[in-house]
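Structure first, then comments.
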Protein chains: 2
Amino acid sequence: MCDEKTGRESLISKAKNGWQCVQEEVIRRIQTRVWEPGSLLPNEVDIATEFGCARSTVNRALQAVADKGLIERKRKGGTRVVIHPEHKATFNIPIIRQQIEQQDLEYGYSLIKTRHAIPPAAVRDRLPDDVSEEILHIRAVHTADGLPYVLEDRWIDTRVVPSADEADFSAQSPNQWLLENIPYSGGTLRLSSENAKAADAKALSCDVGDALFIAERLTLTAERETITIVRLCYAPGYQMAIEL
Amino acid sequence: MCDEKTGRESLISKAKNGWQCVQEEVIRRIQTRVWEPGSLLPNEVDIATEFGCARSTVNRALQAVADKGLIERKRKGGTRVVIHPEHKATFNIPIIRQQIEQQDLEYGYSLIKTRHAIPPAAVRDRLPDDVSEEILHIRAVHTADGLPYVLEDRWIDTRVVPSADEADFSAQSPNQWLLENIPYSGGTLRLSSENAKAADAKALSCDVGDALFIAERLTLTAERETITIVRLCYAPGYQMAIEL
DNA sequence: GAGTGGTCTAGACCACCCT
DNA sequence: GGGTGGTCTAGACCACTCC
């Protein structure tokens with residue numbers, strides 16, 4: 001099943017499974033420019049014939065390659081090698097508590113304050129409608145072995161999630177509470193870098209001006225309503241590692 | 001095909017396609033805790049019977065849900081709802097030039113220096129074997145409308161990629177050259193934040209101490225040999241946006 | 001209109017792994 | 001041993017879109 005036209009077993013292939021084997025060979029041909037960038041691949045039937053397998057096996061393989069961003073497929077248009085292949089990576093958005101405990105550190109959490117307020121312009125800009133009402137605002141610190149790890153500054157739209165008003169955020173972080181109680185659907189993540197302001201420095205026990213890693217996340221319901229906007233300020237030295 | 005036991009068409013479902021419809025319903029049941037975290041799902045045959053479709057359709061749907069990280073599947077063990085579903089996100093690792101041009105800015109590139117040297121300890125630590133030979137070191141700046149955008153500080157293992165010695169990096173950035181000439185396979189990406197050092201500030205026309213967004217990338221061949229280590233220092237104000 | 005990929009089906013065999 | 005998911009097959013129909 002891993003043979004080519006020659007009938008010899010491919011010595012390169014690592015997987016004997018079938019569609020994964022086809023996938024490997026396809027990727028190899030793209031990388032080695034047997035199939036050049038921008039060019040058209042043979043159709044599924046022809047590839048299936050060449051590999052001596054069913055069309056659906058080839059289909060599975062090509063869909064996987066397409067998911068990786070190496071090829072584009074169109075009905076009638078055929079399958080084409082992408083010109084500028086962007087590397088795609090998938091990573092997990094970490095749950096703070098797990099992230100800390102995975103490093104064998106003791107997780108801690110302390111609420112700084114909760115209040116209802118009209119969000120500042122910087123937050124309102126990212127909300128779909130203009131918020132003139134007061135919504136829930138929470139500030140809290142997550143600690144690892146007692147040391148500040150990340151500062152959580154969160155706005156929850158209580159018009160969308162009224163039950164948040166009854167939650168006890170002194171015992172459970174809003175991060176955790178939302179994950180366990182509100183179905184997520186999608187959103188946006190923005191990573192950036194900022195110098196610590198006085199308030200940040202105080203909460204994170206670092207110096208004013210220190211470079212902080214910032215993750216700002218917007219979370220939506222399935223109906224595209226904004227649940228929450230959170231700004232996570234990680235203490236200096238934090239790294240986010242992603243396998244490619 | 002989108003019916004439940006009731007026989008009524010699901011009003012919620014948006015996709016009529018088949019496996020995507022099954023997928024939606026499965027996700028809905030997980031989110032609404034019809035199938036609770038940690039619990040076992042019915043086996044594929046039973047689900048197929050309930051939905052009135054073939055097992056392979058259910059298989060396709062469940063594999064997709066598993067890819068999203070909501071369920072775990074084991075042979076004989078069955079399919080289980082993951083206890084702490086981590087949000088998984090996929091994003092594109094940007095090609096610098098494209099990234100700039102997509103914002104309708106004029107891309108520019110200027111080489112600072114190339115040389116052969118023994119990498120410093122911080123870089124050697126991340127290489128698999130201990131490098132005692134001199135390898136290729138390149139520093140360059142990418143600009144947007146003439147303003148520094150990102151500082152590229154790269155080490156290329158010329159024992160793995162000897163052809164890099166012949167490349168002309170004054171005309172083409174190593175970023176681009178590698179993408180176009182060397183097949184990638186995998187690696188690691190680390191995102192972090194650092195205060196600008198004097199050399200960084202000079203190259204990026206910013207102030208010493210400014211918070212810089214750092215992306216450090218290790219790239220490997222299919223044989224797990226290290227091709228290159230690059231450290232990208234983005235100018236202040238940079239944001240990396242990811243859709244979830 | 002016609003060729004392509006997208007999907008579904010019914011059946012089959014196998015690898016894994018829990019009990 | 002037996003139940004589960006993983007995969008393959010051969011055939012079929014459909015949706016899209018290029019020509």
Side-chain angles (χ1 to χ4, degrees), chain A residues 1-4 9-10 13-27 29-30 35 38-83, chain B residues 1-4 9-10 13-27 29-30 35 38-83:
Chain A
M1 203 146 318
C2 285
D3 307 8
E4 300 186 27
E9 281 182 12
S10 167
S13 109
K14 294 161 194 168
K16 297 171 182 176
N17 250 342
W19 71 265
Q20 298 191 7
C21 168
V22 176
Q23 187 196 28
E24 275 186 19
E25 175 60 15
V26 168
I27 289 175
R29 287 190 192 176
I30 292 170
W35 288 330
S39 68
L40 212 55
L41 269 62
N43 68 35
E44 295 187 344
V45 178
D46 289 347
I47 295 177
T49 308
E50 183 198 333
F51 282 87
C53 65
R55 179 172 82 96
S56 55
T57 303
V58 173
N59 185 279
R60 183 101 158 77
L62 291 184
Q63 287 205 7
V65 178
D67 281 342
K68 294 194 176 190
L70 291 177
I71 56 177
E72 276 178 351
R73 324 189 71 205
K74 277 183 203 166
R75 294 173 149 135
K76 165 68 180 178
T79 302
R80 208 169 274 282
V81 180
V82 162
I83 309 142
Chain B
M1 204 143 321
C2 285
D3 307 9
E4 300 187 27
E9 280 182 13
S10 167
S13 109
K14 295 160 192 167
K16 297 171 183 176
N17 250 340
W19 71 265
Q20 298 190 8
C21 168
V22 176
Q23 187 196 33
E24 275 187 19
E25 175 60 15
V26 168
I27 290 175
R29 288 189 192 178
I30 292 171
W35 289 330
S39 68
L40 212 54
L41 269 63
N43 69 34
E44 294 186 346
V45 177
D46 289 347
I47 295 178
T49 307
E50 182 198 334
F51 282 87
C53 65
R55 179 170 82 98
S56 56
T57 304
V58 173
N59 185 279
R60 183 104 160 74
L62 291 184
Q63 287 205 7
V65 178
D67 281 342
K68 294 194 176 190
L70 291 177
I71 56 178
E72 275 178 352
R73 325 189 71 204
K74 277 182 203 165
R75 295 174 152 142
K76 164 68 182 176
T79 302
R80 207 170 274 283
V81 181
V82 163
I83 311 139

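Every chain is numbered from 1 and lettered A, B, ... according to where its sequence line falls, protein lines coming before strand lines.
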Locate the shortest heavy-atom distance separating [X] from [Y]; write the atom from each residue and the value.
X       : Y       : answer
B/Ala64 : B/Trp19 : CB-CZ3, 3.7 Å
A/Pro42 : A/Ile47 : O-CD1, 3.5 Å
B/Leu40 : B/Gly77 : CD1-O, 3.5 Å

Establish, with yes or no, whether the OP1 or OP2 oxygen of [N] is under 4.0 angstrom from a side-chain nitrogen or oxygen of [X].
X       : N     : result
B/Thr57 : C/dT9 : yes
B/Arg60 : C/dT7 : yes
A/Gln63 : C/dG6 : yes

Roughly how far apart are [X] [atom1] and [Y] [atom2], rounded to 0.5 Å?
X       : Y       : atom1 : atom2 : result
A/Gln23 : A/Leu70 : CD    : CG    : 9.0 Å
B/Gln20 : B/Thr57 : CD    : OG1   : 12.0 Å
A/Leu62 : A/Ile71 : CG    : CD1   : 4.5 Å

Heavy atoms within less than 4.0 Å of DNA chain D: which residues of residues 38-46 of chain B have one? Give them sorted by number. B/Asn43, B/Glu44
Quick one, which residues of residues 68-79 of chain B touch DNA chain D with a heavy atom under 4.0 Å? B/Arg73, B/Lys74, B/Arg75, B/Lys76, B/Gly78, B/Thr79
Hey, what are the protein-to-nucleotides 10-13 of chain D N/O distances that come in under 3.5 Å?
{"residue": "D/dA12", "atom": "N6", "partner": "A/Arg55", "partner atom": "NH2", "Å": "3.0"}

Distance, rounded to the nearest Å, where [X] contributes [atom1] and [N] contributes [atom2]:
X       : N      : atom1 : atom2 : value
B/Asn59 : D/dT9  : CG    : C1'   : 15 Å
A/Gln20 : D/dC8  : CD    : C1'   : 13 Å
A/Ile47 : C/dG5  : CD1   : C1'   : 11 Å
A/Arg80 : D/dT17 : CZ    : P     : 15 Å
A/Leu62 : C/dG5  : CG    : P     : 8 Å
B/Gln23 : C/dG6  : CD    : P     : 16 Å

Scan for salt bridge (Lys or Arg N to Asp or Glu O under 4.0 Å) pairs involving residues 63-74 of chain B, sequence neighbours excluded, and state none if there are none. B/Glu44-B/Arg73
side-chain contact (heavy atoms from CB on, under 4.5 Å) against A/Thr49, all qualifying residues, sequence neighbours excluded: A/Val45
Can you list the residues that meet the side-chain contact (heavy atoms from CB on, under 4.5 Å) rule with A/Ser39, with sequence neighbours excluded? A/Trp35, A/Glu36, A/Val81
Across all chains, not counting sequence neighbours, the salt bridge (charged side-chain N to carboxylate O under 4.0 Å, His left out) partners of A/Arg60 are none
